[in-house]
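Okay, structure first, notes after.
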Amino acid sequence: MKAAVLNEIPGRLEIQDVSIGTPGPREVLVRTVAAGLCHSDLHFMEGTYTTAVPAVLGHESAGVVEAVGSMVNYVEPGDHVITCLAAFCGHCEDCLGGHPARCQRKGADLVRNPDEDSRLTRGDEDLAQFLHCSSFAEKLLVHEHALVKIRKDMPLEKAALIGCGVTTGLGAVFRTARVDPGSDVVVIGCGGIGLSAIQGARIAGANRVIAVDMHSSKLELAQTLGATHVVNASDEDPVKAVKRITDGGARFTFEAVGLKATAEQAFKMLRVGGQATVIGLIPLGTMVEIHGVELTNEKTLTGSNMGSTQFRTDMPRYVDMYLDGRLKLDEMISGTLSLDQINEGFDNLKTGTVARQVIMFD
Ligand SMILES: NC(=O)c1ccc[n+]([C@@H]2O[C@H](COP(=O)([O-])OP(=O)(O)OC[C@H]3O[C@@H](n4cnc5c(N)ncnc54)[C@H](O)[C@@H]3O)[C@@H](O)[C@H]2O)c1
Ligand SMILES: [Zn+2]
Ligand SMILES: [Zn+2]
């Protein structure tokens, strides 16, 4: 099958011929229908984060089950599924405590043993599976705890977005921060993640929803998805602007870029008792600084991993929200690409001017 392989870090993706195994007892083979381009893939390609290579990249996808292992009874061939990197072991303290996205056992329990054949190979060489998914490939072979079954009337092109970006943005609002109706919310960065957080704030009944970005086209899109105010950070200091709009600071801020400067801005924009949630992946080794005295004002700085999702229950709900019109996904797709165009897609993503781009497999 064709797959986009990262052979070195930093590096670009190469479309290569790759082999995929048959399902082991707890595994599911999926025909990939659509896969979104997330900035996290780009962080690994650029080397701000690191992973085992060679690897098939991609982690935001939806498809149709082709075959299941002998012990799988959750899905059957023909079912429609979304994959998720927040795979869970199901028996650790975090999973049983209601926080499956925190599961630390997935690296041990959800992968194949070293003496077993690799799920992905290229000739005699083993390829690493990226974030339990490896979505930039015509097929996926994943542990059954790395996917969720969804309604068949959900278009899979839109469903793919729920695999990472949408769930991360909505979950940061609903689950990590638990935004309450009437509060003021700021979202810094209007890519796939930030636009989803903006929609989450709208759905949660926030009062003011202030979008911050460097591109006016992204701010216009943010307004169509729920932003009540916009701040162009290339024209004005976003901290001053937010304090002016909110008359002193916001109750909830979300950072969806992945930079020291924007994480610090998110904290500086808070009112007394406010909470800043950093979603963006800040380069490894980078420190984030805050003034200690601010903590006495009962301000919180925290982070969110995959929107603290319980994806087996969250994702089908988000599908319902799309199908009943509350969650807008069509507007978030800037364009569709073929697998061969993937590097162009990542070049577009680097400019900051596109929202989500989706690779369609046929
Ligand atoms: N925590 C998690 O679980 C998780 C999950 C998925 C993605 N992420 C991370 O979230 C971040 C956003 O991902 P994405 O796919 O939406 O990225 P994206 O590239 O699509 O969007 C980033 C947006 O930030 C804007 N931006 C850049 N610099 C800015 C600045 N200084 N001030 C304001 N806006 C600025 C860009 O114009 C762009 O619109 C990335 O760091 C990604 O790795 C984290
Ligand atoms: Zn992602
Ligand atoms: Zn676990």
Side-chain angles (χ1 to χ4, degrees), residues 35-46 48-49 57-61 83-110 130-131 133 135 145 160-169 171-172 176 186-198 211-219 221-222 230-234 236-239 254-266 277-283 302-309 332 334 345-346 348-357:
L37 271 56
C38 174
H39 207 114
S40 297
D41 297 299
L42 195 53
H43 286 312
F44 287 89
M45 290 162 65
E46 290 179 332
T48 14
Y49 278 76
L57 244 58
H59 62 277
E60 184 180 273
S61 51
T83 57
C84 186
L85 70 91
F88 55 95
C89 77
H91 52 256
C92 73
E93 187 177 332
D94 293 302
C95 285
L96 294 173
H99 302 286
R102 293 182 193 163
C103 180
Q104 298 294 304
R105 290 210 50 87
K106 48 173 153 297
D109 295 2
L110 306 181
F130 182 62
L131 301 177
C133 295
S135 301
H145 285 181
L161 268 57
I162 296 175
C164 175
V166 168
T167 294
T168 300
T176 314
V186 179
V187 177
I188 308 174
C190 298
I193 315 296
L195 293 169
S196 302
I198 287 166
V212 183
D213 203 284
M214 316 278 286
H215 296 282
S216 52
S217 61
K218 298 305 270 299
L219 294 170
L221 182 54
V230 295
V231 175
N232 192 327
S234 348
E236 57 180 327
D237 174 2
V239 176
F254 296 89
E255 195 275 0
V257 182
L259 294 173
K260 171 185 171 72
T262 42
E264 292 171 356
Q265 286 167 3
T277 304
V278 175
I279 312 170
L281 297 186
I282 294 173
T302 189
S304 178
N305 177 31
M306 285 300 292
S308 314
T309 187
M332 286 185 44
S334 305
F346 279 112
N348 296 337
L349 192 61
K350 277 186 214 171
T351 67
T353 54
V354 292
R356 268 309 195 246
Q357 302 168 95

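Order of appearance sets the numbers: ligands from 1, and atoms from 1 within every ligand. Excluded from the calculations below are hydrogen atoms, water molecules and symmetry mates; all remaining heavy atoms, backbone and side chain alike, are included.
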Mind checking whether [X] contacts ligand 1 via backbone (N, CA, C, O), side chain (CB onward), both or neither, at a 4.0 Å heavy-atom cut-off?
X    : result
T168 : side chain
I188 : side chain
A355 : neither
H39  : both

Among [options], whose heavy atom sits nearest [atom]?
atom                    : options          : value
atom 9 (C) of ligand 1  : T351, T309, L281 : L281
atom 40 (C) of ligand 1 : T48, T353, V257  : V257
atom 37 (O) of ligand 1 : T277, D213, V187 : D213

So does [Y] get a backbone contact from the side chain of [X], meaning a donor-acceptor N/O pair under 3.5 Å?
X    : Y    : answer
K218 : V354 : yes
N305 : A101 : yes
E255 : V257 : yes
Y49  : I282 : yes
D213 : C190 : yes
T262 : L259 : yes
T48  : H43  : yes
Q357 : G36  : no

So, taking the atom named [atom1] in [X] and the one named [atom2] in [Y], what distance separates them when rounded to the nearest 0.5 Å?
X    : Y    : atom1 : atom2 : answer
R105 : H91  : CZ    : NE2   : 5.0 Å
L281 : F44  : CG    : CZ    : 7.0 Å
D41  : H59  : CG    : NE2   : 5.0 Å
S234 : H215 : OG    : NE2   : 7.0 Å
L349 : M45  : CG    : CE    : 9.5 Å
D94  : H99  : CG    : NE2   : 7.5 Å

Metal proximity, H91 vs the Zn ion (ligand 3), N/O/S cut-off 2.8 Å: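 No.
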Starting from [atom], locate the nearest protein heavy atom and write down its residue, its atom name and how far away it is, to 0.1 Å.
atom                    : answer
atom 44 (C) of ligand 1 : I279 O, 3.0 Å
atom 7 (C) of ligand 1  : S40 OG, 3.2 Å
atom 21 (O) of ligand 1 : G191 CA, 3.2 Å
atom 29 (C) of ligand 1 : M214 CG, 3.5 Å
atom 15 (O) of ligand 1 : R356 NH1, 2.8 Å
atom 10 (O) of ligand 1 : G280 CA, 3.5 Å
atom 24 (O) of ligand 1 : G189 CA, 3.5 Å
atom 12 (C) of ligand 1 : A256 O, 3.3 Å

May I ask you to list the atoms of ligand 1 that are less than 4.0 angstrom from any heavy atom of [X]?
X    : result
C190 : 23 (C), 39 (O)
H43  : 40 (C), 41 (O), 42 (C), 43 (O)
C164 : 5 (C), 6 (C)
T262 : 30 (C), 31 (N), 32 (N)
G352 : 37 (O), 38 (C), 39 (O)
L349 : 19 (O), 20 (O)
N305 : 3 (O)

Does any N, O or S atom in H59 come within less than 2.8 Å of the Zn ion (ligand 2)?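 A backbone or side-chain N, O or S atom of H59 is under 2.8 Å from the Zn ion (ligand 2).
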To the nearest 10°, what's the angle at the Zn ion (ligand 3) between atoms SG (C103) and SG (C95)?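 C103 SG and C95 SG form an angle of 110° at the Zn ion (ligand 3).
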Give, rounded to 10 degrees, the angle between SG (C38) and SG (C164) as seen from the Zn ion (ligand 2).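 Rounded to 10°, it measures 130°.
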Count the heavy atoms of every other residue, nucleotide or ligand shown that sit under 6.0 Å from CD of E236, and state whether that count exceeds 12.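 It does: E236 CD has more than 12 such atoms within range.
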For ligand 1, find out whether one of its N or O atoms is nearer than 3.5 Å to an N or O atom of [X].
X    : answer
I193 : yes
K218 : yes
M306 : yes

Mark the output for Q265 as yes if a heavy-atom distance to ligand 1 is under 4.0 Å, and as no if none is.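 Q265 does not count as a contact of ligand 1 under the 4.0 Å cut-off.
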Has G192 got any heavy atom lying under 4.0 angstrom from an atom of ligand 1?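 Yes, G192 has a heavy atom closer than 4.0 Å to ligand 1.
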Worked check of side chain to side chain donor-acceptor pair (under 3.5 Å) between T83 and S61: CA-CA 6 Å; T83 57; S61 51; 2.7 Å; yes
Below 4.5 Å, heavy atoms only, C-beta onward: do T302 and V278 meet side chain to side chain?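 Result no, sub-4.5 Å side-chain heavy-atom pair not found.
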Run the numbers on T176 and S308 for side chain to side chain donor-acceptor pair (under 3.5 Å), then give the verdict. CA-CA 6 Å; T176 314; S308 314; 2.6 Å; yes
